[in-house]
Each structure stands twice: as C-alpha cells, then as structure tokens.
Protein chains: 2
Amino acid sequence: MTHDHPPESITLKDIAKATGVSRTTVSNAFNRPDQLSPELRHKILSIAQQMGYLAPNPMGRMLRTGRTGAIGLVFHDSLSYAFADPTAIAFLQGVAKICETAQASLLIVPVLEDRSVQQTVQQAAVDGFIVYCLPNQSDAFTQVLKRQLPVVVVDQPTVKGFPSVAIDDRHAAYTAATHLLKLNHQRLAIISLEFQDTVPSGRVDRQRIQTASFPITQQRWQGYMDAICEAGLDPEAVLIEECAGNSEESAFQATLRILSHTPRPTGILAMSDRLALGALRAARQLGLSIPADLSIVGFDDIPLAAQVQPRLTTVHQPLIEKGTIAAELLLKNVPAHSSRVLPTELMIRESSGVAPTRD
Amino acid sequence: MTHDHPPESITLKDIAKATGVSRTTVSNAFNRPDQLSPELRHKILSIAQQMGYLAPNPMGRMLRTGRTGAIGLVFHDSLSYAFADPTAIAFLQGVAKICETAQASLLIVPVLEDRSVQQTVQQAAVDGFIVYCLPNQSDAFTQVLKRQLPVVVVDQPTVKGFPSVAIDDRHAAYTAATHLLKLNHQRLAIISLEFQDTVPSGRVDRQRIQTASFPITQQRWQGYMDAICEAGLDPEAVLIEECAGNSEESAFQATLRILSHTPRPTGILAMSDRLALGALRAARQLGLSIPADLSIVGFDDIPLAAQVQPRLTTVHQPLIEKGTIAAELLLKNVPAHSSRVLPTELMIRESSGVAPTRD
DNA sequence: CTGTTAGCGCATTCAA
DNA sequence: TTGAATGCGCTAACAG
C-alpha cells in the first residue's frame, strides 16, 4: 500500500480517491470544517495523515486564492547592514509584532540595486509591500510599484499616492538645533546621513543637498538650517560632513576632521544616534569633555542612547510604532490619505550643555 | 485602449494574443532569452510593458516549478521578542547576508504555539526552513517537519536527522565556570535561561533540569556543573535562578534574590549576556563593586558586552557565523552529517576578578 | 452536507 | 526557432 512517488506528489485528489469522496470535500475538511460532518471530516483527516498528507500545498492554494498570507519588506541597505542598524531593527520589531497578531508572515526581500533586483521583488509571493527608506527613484522602488500591490511607504515623505508613515523630520531637527542654540552655541557642525545614493565624498555642496534622493536627510538638514537662520547665524559657517551608511566609524572620522577646525565647533548635530556615538568616541579620543567642551545631539533615540555615558541628548522618534503602524496600514489596505505623521520629542540628557565661554 | 480588467488579470496568454505568438514564446522571452531572436524578444517585452504586464505571476510560476526562492525562518519566541534579542538579531544578520548573495528572500514565520501554528508554517511558500532554538517537541517544530522540506536546525543539538549548527555549550559553560573557580570563587550562583517551555517559577529542581526542553540551557548548566564538581565544590550549594525569556529585568530580580543570601555568592554565572547585564544592574543597585565584591560571567558576547562598564567577561560564540552557516547549509541542501559545531572562546574582561577574601 | 465543473498563471514536454 | 497541449494543486461556484 506504499507509494513510489515522492511525498510531495500526494495531493488532494489522491486522498479524495482513497477516502472515496470528492476533492472538494477533502478541501473542505481542511479549510471549512463547518461544511461537512465531524465524523467524515475526522475520517478524511486521519486517512490523509496515514498517507502522509498534511496540508494543502501552499502554492496551489496561493495560485487559486490569490492570497499569500505574507507581507513583503524592502530595505534600502544591504540586508546584513539593515540588521545591524538599531533603527531598522526597532522598526522590524514593530512590523513583526503586527504580523504576529495577524498571523501573517514577513518576507524580507533583498535588493542589490543591480539588474537582479527584478528577480527578488518580482518573485516575492506577498500580498503587499512595506518599503523602508528607499531612495526616491531607486530601482527597487520601481520594481515594487510594478507589482501593483498595496504598498506602504516609510520615511519617504515625498512619495505621493501611497499611505505612508513618517515623522516631521524637519521640525524634529529644528528642535534639536534650537536646543543647542539656546545653550549659546555659536559654532555648530552637522554630521549628516547620506544625501545621495552615491557614496559621499565627505564634502557636501548645495547641489547635492537640493537634489537629495533621501528626503529624510534633506529634511533634517533643512530643520537644522531653519533654526540656524532663525538664530541669525551664518548658515555657510556651519561645517557639514556626510557619512557613509549611518556608520559609527564614518562619523568618528568625520568628527575628527570637524574638530580639527579652528575655531573648533562647540556643538555637533548628528542626524542619527549612531553617528552621534561615533562623534562621542572621536571627542573622547581628542580628550574633550562632554558637554563641557562639546555638546552633541543625536537623532532617533535608539535604546543605546540612554545607556552610554554621557547619556545622549537626542530626538526621540517612535521607531517601533513606525513598524506597527506601517504593518497595520498595509494589512488594512487603507487609502493613501491615511498616511500618518508620528510625534517626536527632544530628549535632553547629558551630552549637551551650555556652550563653553569664548576664549 | 485602456482595459477594464483589473491589472492582475493580464496574463501571459493575453500578451501572447496581443503579440501574435504563443504563450511559450512569451514565457521564453521572460525566462529564456536564448530561446528566441533578440528582435522578437524585444518586441514581446515592449508590448508586454505597454499592456502593463511586467513579469510572470510568481504564484503561477511557483506552482509550476515547485520552487519559491525563499527560505523560511522559525523562531521560538514571539517575533517581536526575537527582534529585541541581540543574539537572534546577530543570527539573523548572518542569515540575511547569505540570502542576499544567493538572491533568496527570507520568510520569517510567526508561530504562536497555539493551534494556529499550523496556519503560518503550513502556508509558508519556502524551499526550506531554518529552525532557531525551538524547544524539542514543540508544535512549531512538528509542523515544520510535516512540510517535508529541507530543514537546518540551530541550537538544538539533540535533534537528529537534520543538519545543524551549534556550539559546544557544555564545554563553553565549563570554561566560564572554570574561570571563576580559578579565581578562588567558592560561592557561585547561576542565572539561568529557561529549562522548560513553561513559565519558570524561579526555583529549579532536578526534575526540571533533567527533562529540559531547551537543550542549550541544559548543556550550559551541565558545563557549569562539570567545573564545579571538578573543583570539589558541592553542587547543591550553588544557587540557581531561572529567568523568563532571557530578559534583563528577570535577571535583575533574580540577582537581587541571589544576593540577599548569606553568605553572599561571590561569582555569578549568567547563561546569556542579557542576563548578565541584568545581574550587573542589580549588583550596582546594591552598591556592590564589580569585580571586587562580585564577579559576573556572561555568555554570547553580544556587542554590548564590550561596551558596558565594566566590560563583561563572557563566552564568545560566533553568532553571525551561525546564521551564515545555517543559511549555507540550507541552500546547499546538505545531508544531516554535515552539521557544524562552531568554536567558542572565553573573553576575559573586567567584570570578573579574584574572589574577595573571606570575611 | 456533498460532488461536478472549471479554471487560477505558468513552464515544460514534444512535435513541427 | 516556434507552438499546441498538458497539468502543477488547489478552491469557488453552483447544483444536487
């Protein structure tokens, strides 16, 4: 009574034949218990089990129903990088939480920004995509759009036509800069995230900023500038260094360069906490005491921000909530006008203080 | 020239009709460029694009080919919890790295340990599963097995018949305990991970240990005991507290209880760095200085371990590599005997020192 | 409560 | 090089 076929060849039909009922009835036994008598159902299920048939083949089902039970997630960065970024992790945590309660799986789709992007995004068996912080007009984003599926966009405020979740980066950055300005800082420097998808050279010119493909970088920069201009300082006098890939190491190097200027800046605005941590390390290496000699303000409020010494003054943004809301929007398949802007809050801790008196 | 049909209804057949060729040829245009003339291919592709057809439907393809291009990942814990655990994150990072180079997607499958487990694991459209630290005989694991797909097992040394990747937990724990014993510690306590899938009560009896459903907990405990017995100490005198879900808070509470004993233990063996960090915090709250009053040894060597003050003495295990190797084993579809045991290394830092002299 | 019919969209024979 | 035929495994109508 054993079959020669490999196990995967056992199908609904086989067990229908063995049970003496129709395929429909077997299908119902698995998917619609109320559609047949408990006894029959039990009999079918037990025969199925004997035959090593455990559940309807997911691909057959997906093709038939058009639903996959999974949502896709596309990151800008290389995946291994994304999983090393506390910001992305926290976001993921939020997404995962909703997936879990909704019993949806989460398909993380790698994109290489080569030709091959097509492969993975096109082949993804998902009911919709969450797109996290992709640069505008990236190949990956184009591919996602082509899938004609529901999309929720995160941290790309300039993309229209899709529900999105974001924060007011400009305003948040404004509050960070204002904080330092109120503490009498006159010489500020900015440690920036990437403006463009191309590898940064360090130097940032106006052109690069205006045509930024990462809106959040642009917005945060703008927020800093709003505050700086409002305070009557010369925007041109503000040093700015663009760091590659939100890396602490890159920020470390950038900060060393910044702090070698004379007169030395007294306040650093970092566009992320990781960058701020890099700056912190650089300052420490130069023997500067914080905040006495140098104030540093971060962005994101990752968990580590409150654990380092000195604890980091930073802009809190609800990272996990970003994830939960994005997932909820996607699962509910809401219209574009349901976009959400989440609140931020300046967390004043010990890495910022009154500017040193001019020497 | 617009269509009334929803976009998803455009199919290979439609564009075949529009182009005046057969379905096969269209399929070839997408999947086998060498099977038709460049001109024809180009023509087909451009007509397809005009019609809003962008790529073959992934579900149809999957059903036909039997391949999905995705690998599944099943965690023990709730997903949102897994994404909060540095150990799991690092593992994920490794898996993601390989997925990326192999252009495979990563499907993270939530399991609730209810009935509903079935749903997600059964419906997962994947070519194989990586199973991370599931308790033996868990529902989730059973469901995975039922899928009859390639499986790679991580941190479950007792599961036979599948390729696995793990470390020698027993030996690693042995080195950790030996380290303290050599520093003259006589009164040790263990802050333990969960032995059983059921919520721990704090107290741990022999029964609970022997029948542990988490082999790594059992193995680490055994390793500690090996060293303790070897040193001639009384195993029964070693305090042990079992913490819920590798949480720092739980370890914090457990440590407070442990340190209230008289005579107070001088060395704590924590089965994870997170637990060790909780212990550290508890010790600090009690005003103990480390390592003068109390030595703490962790396990895992998560990034934070080397960043806290004092830096944590701990057992390094190659977390990221666990992920890369697991993914590689799965993608290569290797036989069970290809299992890998990765090396560990005791990292001696500042949280451990010579035992205080007896008072 | 049960069975019949009819595709879902595709890739693969095989024959032309 | 191209095309016709076939079925991957399943579920949704509808009819009994």
Side-chain angles (χ1 to χ4, degrees), chain A residues 3 5-45 48 51-69 119 122-125 127 147-149, chain B residues 5-44 48 51-69 119 122-125 127 147-149:
Chain A
H3 287 260
H5 309 291
E8 54 269 29
S9 69
I10 299 174
T11 170
L12 261 196
K13 183 155 66 177
D14 298 329
I15 104 111
K17 199 183 306 175
T19 325
V21 298
S22 77
R23 297 206 294 283
T24 309
T25 308
V26 179
S27 177
N28 283 337
F30 281 98
N31 301 317
R32 308 196 167 174
D34 52 316
Q35 295 294 300
L36 70 175
S37 69
E39 306 84 38
L40 180 57
R41 177 172 135 90
H42 193 75
K43 177 183 163 195
I44 292 175
L45 259 39
M51 296 178 62
Y53 181 91
L54 303 131
N57 174 308
M59 300 162 199
R61 165 196 294 249
M62 281 165 37
L63 178 58
R64 182 63 233 241
T65 63
R67 301 203 63 262
T68 67
Q119 290 289 332
Q122 285 179 359
Q123 293 200 16
D127 297 328
R147 286 296 301 276
Q148 316 257 35
L149 292 170
Chain B
H5 308 291
E8 57 269 26
S9 69
I10 299 175
T11 170
L12 261 196
K13 182 155 66 177
D14 299 329
I15 102 112
K17 200 183 304 173
T19 325
V21 299
S22 78
R23 298 208 291 286
T24 310
T25 307
V26 180
S27 177
N28 283 337
F30 281 97
N31 301 317
R32 308 195 169 175
D34 54 315
Q35 295 294 300
L36 69 175
S37 68
E39 306 84 38
L40 180 55
R41 178 173 134 89
H42 193 75
K43 176 182 165 199
I44 293 175
M51 296 178 65
Y53 181 91
L54 303 131
N57 174 307
M59 300 160 198
R61 164 195 295 246
M62 281 167 35
L63 178 57
R64 181 65 231 247
T65 62
R67 302 204 61 264
T68 66
Q119 291 287 333
Q122 285 179 358
Q123 294 201 14
D127 297 328
R147 285 297 299 278
Q148 315 256 38
L149 292 170

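These values consider heavy atoms only, across backbone and side chains, with no hydrogens, waters or symmetry-generated copies. Throughout, a chain's letter reflects where its sequence line sits, starting with A, and its residues are numbered from 1.
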> Between A:G52 and B:Q148, what is the shortest heavy-atom contact and its length?
Replying inline: O-NE2, 4.0 Å
> Side chains of B:R147 and A:P58: does their closest heavy-atom pair fall under 4.5 Å?
Replying inline: yes
>> Measure CD/A:Q123 against P/C:dG9 and give the value in whole Å, please.
In response: 17 Å
> Could you give the distance from CZ (A:R64) to CG (A:N57), rounded to the nearest 0.5 Å?
Replying inline: 14.5 Å
>> In this structure, how many angstroms lie between the P atom of D:dC8 and the CE atom of A:M62, rounded?
In response: 18 Å
>> Nearest 0.5 Å, please: how far is CD in B:Q123 from OG1 in A:T65?
In response: 8.0 Å
> Reading nucleotides 10-16 of chain D from the 5' end, what letters show protein touch, with B for base, S for backbone sugar-phosphate only, - for no heavy atom under 4.0 Å?
Replying inline: BBBB---
> Taking atom C1' of C:dA6 as reference, at what distance in whole Å does atom CG of A:L63 sit?
Replying inline: 13 Å
>> Any heavy-atom pair between the side chains of A:T11 and A:R23 that's under 4.5 Å?
In response: no
>> In whole Å, I'd like the distance from the CZ atom of A:F30 to the P atom of D:dG9.
In response: 15 Å
>> Nearest whole Å is fine: how far is D:dG3 P from B:I15 CD1?
In response: 12 Å
> How would you list, by chain and number, every residue that makes a side-chain contact (heavy atoms from CB on, under 4.5 Å) with B:I44, sequence neighbours excluded?
Replying inline: B:I15, B:T19, B:V21, B:T25, B:V26, B:A29, B:L36, B:L40
>> Expressed as a whole number of angstroms, how long is the span from A:N28:CG to C:dG3:C1'?
In response: 10 Å
>> Over all strands shown, is A:L36 touching base, sugar-phosphate only, or nothing at heavy-atom distances under 4.0 angstrom?
In response: sugar-phosphate
> Between OG of A:S37 and NZ of A:K43, what distance do you get to the nearest 0.5 Å?
Replying inline: 9.5 Å
> From B:M62 CE over to B:T68 OG1, what is the distance, rounded to the nearest 0.5 angstrom?
Replying inline: 5.5 Å
> Roughly, in whole Å, what's the span from NZ in B:K17 to P in C:dC10?
Replying inline: 14 Å
> What does B:D34 touch in the nucleic acid at a heavy-atom separation under 4.0 angstrom: a base, only the sugar-phosphate, or nothing?
Replying inline: nothing
> Expressed in angstrom and rounded to an integer, what is the separation of B:K43 atom NZ from D:dT1 atom C1'?
Replying inline: 14 Å
> Hey, what do you get for OG1 (A:T24) to CG (A:N31), rounding to the nearest 0.5 Å?
Replying inline: 11.5 Å
>> I want to check one thing: is the phosphate of C:dG3, taken as OP1 and OP2, less than 4.0 Å away from some side-chain N or O of A:T25?
In response: yes
> How far does the helix from C:dC1-D:dG16 to C:dA16-D:dT1 bend, going by the axes of its first and last five pairs, to the nearest 10°?
Replying inline: 30°
